[in-house]
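Let me begin by presenting the structure, written as structure tokens, before commenting on it.
Below, each value reflects all heavy atoms present in this structure, side chains not excepted, and no hydrogens, waters or symmetry copies. Computed from a prediction, not measured in an experiment: that's the story for all the values here.
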Protein chains: 2
Amino acid sequence: MVTIYDIAKKANVSPMTVSRVINHSPAISEATRLKVEAVIREMDYIPNKQARGLVSKETKLISLVIPDIANPFFTTIARGAEDKALQSGYQMLLGNSDEQTDKECRYVDLLLSSKVDGVLIAPTGDASLSNLRKLAKRRVPFVFVDRYVEGIDADLASGDNVETTRELVAHLAEQGHRRIALINGPSGISNARERRQAFLDALVLSGLEAYPELLIETHFRQDSFSDIVRTFMALAPSARPTAIVAANNFIGVNTLRALKEMNVTVPDEIAVACFDDPEPIPDYNPFLTVAAQPAYDIGYMGMQMLIERIEGTAPARSRKIMLPSTLIVRKSTVKA
Amino acid sequence: MVTIYDIAKKANVSPMTVSRVINHSPAISEATRLKVEAVIREMDYIPNKQARGLVSKETKLISLVIPDIANPFFTTIARGAEDKALQSGYQMLLGNSDEQTDKECRYVDLLLSSKVDGVLIAPTGDASLSNLRKLAKRRVPFVFVDRYVEGIDADLASGDNVETTRELVAHLAEQGHRRIALINGPSGISNARERRQAFLDALVLSGLEAYPELLIETHFRQDSFSDIVRTFMALAPSARPTAIVAANNFIGVNTLRALKEMNVTVPDEIAVACFDDPEPIPDYNPFLTVAAQPAYDIGYMGMQMLIERIEGTAPARSRKIMLPSTLIVRKSTVKA
DNA sequence: TATGTTTATGTTACCGATAACATTAACATA
DNA sequence: TATGTTAATGTTATCGGTAACATAAACATA
């Protein structure tokens with residue numbers, strides 16, 4: 001491998017002079033600079049970031065830890081985050097936690113060892129506390145995307161859960177629904193908690209009543225909703241929900257599937273709307289009404305805040321950025 | 001930061017002994033090992049990969065360079081690749097080339113500086129040659145996913161373009177179509193070239209004729225197909241295609257959209273089928289007939305071959321893995 | 001008993017860069 | 001002319017590990 005020593009020898013200067021040229025130090029004569037630059041080009045020298053990092057204590061590496069890169073919502077966050085990282089000269093490491101705190105823990109250990117400059121994380125839930133404490137203890141800056149953890153002070157970029165929930169409920173209320181169910185994520189995850197509260201508030205706002213039996217808590221990656229749907233359908237017709245709000249795209253799509261399997265027609269018998277668009281490339285004839293969170297911006301802004309933290313240009317107090325969603329009304333909530 | 005020197009001092013041994021314990025060297029007495037391990041735990045020591053890598057010449061970093069992480073096909077490749085990487089103790093860096101050779105070049109420079117152990121790449125096309133040469137020159141192992149570059153010898157994991165194309169054409173022929181169009185990617189990308197040839201061969205196999213005016217070359221991320229569709233519709237009715245094969249999900253979806261805008265009914269007037277499912281979470285009522293390539297396996301197998309190359313356990317000759325697709329027939333090709 | 005072998009541990013140098021300090025030459029100033 | 005100042009460059013130590021070699025103690029063998 002070509003090192004600054006090879007360059008130095010060939011250019012007849014000291015390695016330190018080469019280092020100065022590479023780092024654009026002003027204390028270099030024009031003549032020397034040109035000479036060294038010529039040799040660098042000639043020998044096709046590339047600085048070794050590892051060696052540099054050992055001294056400078058920075059790696060220009062940022063880790064993104066998300067539940068699942070295959071979910072279009074997180075995919076788009078990743079895309080936004082990566083764009084910002086590249087702009088600022090950082091490279092992005094990817095980690096899927098699969099909503100499992102122990103897998104997340106494995107990543108945290110890995111990235112602590114890799115000495116990343118910072119971490120952008122959508123934590124698996126409140127159980128992530130110990131993982132985040134580990135980061136904090138080692139003074140690795142981190143920023144939350146999509147979700148936060150109670151008791152940990154850090155910047156957050158997320159969708160506006162309150163306003164988004166309100167929009168979904170208002171839309172359904174407008175369509176005449178009076179009994180609306182919520183199929184939510186686990187209460188151990190901040191956005192599920194927020195969505196639940198926002199849902200209850202939104203019902204009041206729309207002049208509707210809340211029914212405890214229509215408030216379901218499940219997982220964001222639950223893949224069968226047959227039991228839940230069956231329970232709904234077992235209710236007396238007057239007690240059945242006529243509309244369902246699903247707390248993410250995965251729940252939304254799989255609820256639709258369960259309804260279809262049980263021959264419940266959507267939206268005629270039950271309307272369905274959800275958070276996050278399941279389709280990154282909108283299909284010909286999309287069916288599901290969604291409140292699309294601005295995932296790209298969440299990733300981009302989150303990364304921006306993180307880089308500001310890393311580079312010390314962020315304000316001392318932590319920032320919470322809530323971005324508005326876009327309600328996209330489709331067939332699953334509008335009767336023909 | 002806690003280093004092996006801190007551990008050594010506290011445990012009353014030399015730093016080298018600590019290093020041996022960390023690396024599970026057998027030449028350590030049980031007593032010393034336990035003593036050192038206790039101090040390591042007590043002081044919460046984490047090895048510094050940068051320092052280690054400076055000596056060992058490995059970073060346990062692999063870079064994945066793909067056109068776009070937001071495209072579900074590549075997303076799923078990333079997911080498979082990441083799973084395999086983690087299993088084998090590697091971390092994955094992500095880079096989006098956006099189908100631009102110069103952006104790809106920027107990444108290659110970055111990862112050369114980061115001293116990654118290997119690169120998994122879906123090259124932007126034949127123009128990637130110089131970028132790949134750079135990698136080869138520096139002896140950074142790389143493996144192709146989805147696409148290869150003529151003149152570069154490396155392992156490849158991809159879908160079986162020939163067989164997949166044949167299936168799509170056979171399906172359309174079975175539906176009675178005699179004039180089938182192909183809207184393809186750029187001929188500078190290997191899989192577009194392969195799909196074109198496979199398409200022509202498949203037509204022959206199905207006893208159909210090829211019409212040059214129905215062979216369109218465009219971009220994999222082209223977003224408007226109005227002109228192409230308009231040209232088709234301007235043909236005399238007997239010369240118009242009755243079916244279109246789109247070379248990827250993006251082309252497929254946007255062709256559908258263009259057809260819709262021009263009030264061409266699908267599949268009645270024109271049927272449409274494409275490579276790669278645009279929907280990572282199949283929607284309630286998916287419309288588009290697709291040949292779904294096994295993206296997860298492409299990523300997983302590609303990463304596996306790469307790790308074998310890195311660790312020197314791969315055979316000298318390069319391997320080409322072609323994985324079969326699954327034809328999913330939906331409404332866009334089947335008249336009601 | 002002297003020597004060889006094995007096992008466990010320590011010492012030194014180095015990976016490729018940079019920070020901190022040292023030196024030199026050129027020039028300005030008194 | 002002696003001294004101070006500035007600009008350009010060099011030297012040394014260090015970052016946190018590990019390879020290679022050195023050493024010491026314990027034991028076996030002739």
Could you check how far [atom1] of [X] sits from [atom2] of [N], rounded to whole Å?
X: A:D6; N: C:dG16; atom1: CG; atom2: P; answer: 8 Å
X: A:E58; N: C:dT18; atom1: CD; atom2: P; answer: 11 Å
X: A:R20; N: C:dC21; atom1: CZ; atom2: P; answer: 13 Å
X: B:N48; N: C:dC15; atom1: CG; atom2: C1'; answer: 13 Å
X: A:M1; N: C:dC15; atom1: CE; atom2: P; answer: 10 Å
X: B:L34; N: C:dT9; atom1: CG; atom2: C1'; answer: 16 Å
X: A:M16; N: C:dA20; atom1: CE; atom2: C1'; answer: 9 Å

Name the first nucleotide and the last nucleotide along DNA chain D (5' to 3') that come under 4.0 Å of a heavy atom in chain A.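 Boundary nucleotides touching chain A, in 5' to 3' order, are D:dA8 to D:dG16.
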Any salt bridge between B:R79 and A:D68, counting N to O under 4.0 Å?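 Salt bridge present between B:R79 and A:D68.
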Note: A:K10-A:D6 ion pair, threshold 4.0 Å (strictly below):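 Judged by the 4.0 Å cut-off on N to carboxylate O distance, A:K10 and A:D6 do not form a salt bridge.
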Which sits closer to the 5' end of DNA chain C, B:A27 or B:L54, going by the nucleotide each is nearest to?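 By nearest-heavy-atom nucleotide position, the 5'-most residue is B:A27.
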Counting any heavy atom closer than 4.0 Å, what does [X] reach on the DNA or RNA strands: base, sugar-phosphate only, or nothing?
X: B:K57; value: sugar-phosphate
X: B:S29; value: sugar-phosphate
X: A:S56; value: nothing
X: A:P47; value: sugar-phosphate
X: A:I4; value: base
X: A:I22; value: nothing

Angle between ring planes, B:F144 versus B:F142, binned at 30° and 60°: parallel, tilted or perpendicular?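 Answer is perpendicular, since the angle exceeds 60°.
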Begin with the C-alpha distance, continue with both residues' side-chain angles, and end with the deciding distance and a verdict on salt bridge (Lys or Arg N to Asp or Glu O under 4.0 Å) for A:K134 and A:E104. CA-CA 12 Å; A:K134 240 196 258 186; A:E104 180 180 272; over 6 Å; no
Taking five pairs at each end, how big is the angle between the two axes of the helix from C:dT1-D:dA30 to C:dA30-D:dT1, to 10°?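 Between the axes fitted at each end of the helix from C:dT1-D:dA30 to C:dA30-D:dT1 lies an angle of 60°.
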Is the phosphate of [N], meaning OP1 or OP2, less than 4.0 Å from a side-chain N or O of [X]?
X: A:Y5; N: C:dC14; result: no
X: A:N23; N: C:dT18; result: yes
X: A:S19; N: C:dT18; result: yes
X: B:T32; N: C:dT9; result: yes

With respect to the side chain of A:A51, which nucleotide from C:dG16, C:dA8, C:dT18 is positioned closest?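 Nearest nucleotide to the side chain: C:dG16.
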Could you tell me whether the side chains of B:Q91 and A:S114 share a donor-acceptor contact shorter than 3.5 Å?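 A pair is found: one side chain offers a donor N or O, the other an acceptor, under 3.5 Å apart.
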Distance-minimising heavy-atom pair for A:Y90 and A:L61: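 Taking A:Y90 first and A:L61 second, the nearest heavy atoms are CD2-N, 4.2 Å.
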Taking B:T3 for its side chain and B:Y5 for its backbone only, find out whether a donor-acceptor pair lies under 3.5 Å.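 Such a contact is found between B:T3 side chain and B:Y5 backbone.
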Let's go through A:T101 and A:C105 carefully: what are the C-alpha distance in whole Å and the side-chain angles of both, what is the deciding distance for side chain to side chain contact (heavy atoms under 4.5 Å, CB included) to 0.1 Å, and is it a yes or a no? CA-CA 6 Å; A:T101 309; A:C105 177; 5.8 Å; no
My understanding is that only residues two or more places apart in sequence, or in another chain, count here; which of them pass side-chain hydrogen bond (donor to acceptor under 3.5 Å, both in side chains) with B:Q100?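 Residues passing side-chain hydrogen bond (donor to acceptor under 3.5 Å, both in side chains) with B:Q100: none at all.
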Walk me through it: do B:R147 and B:E99 pass the test salt bridge (Lys or Arg N to Asp or Glu O under 4.0 Å)? CA-CA 12 Å; B:R147 315 158 168 186; B:E99 303 278 13; 2.8 Å; yes
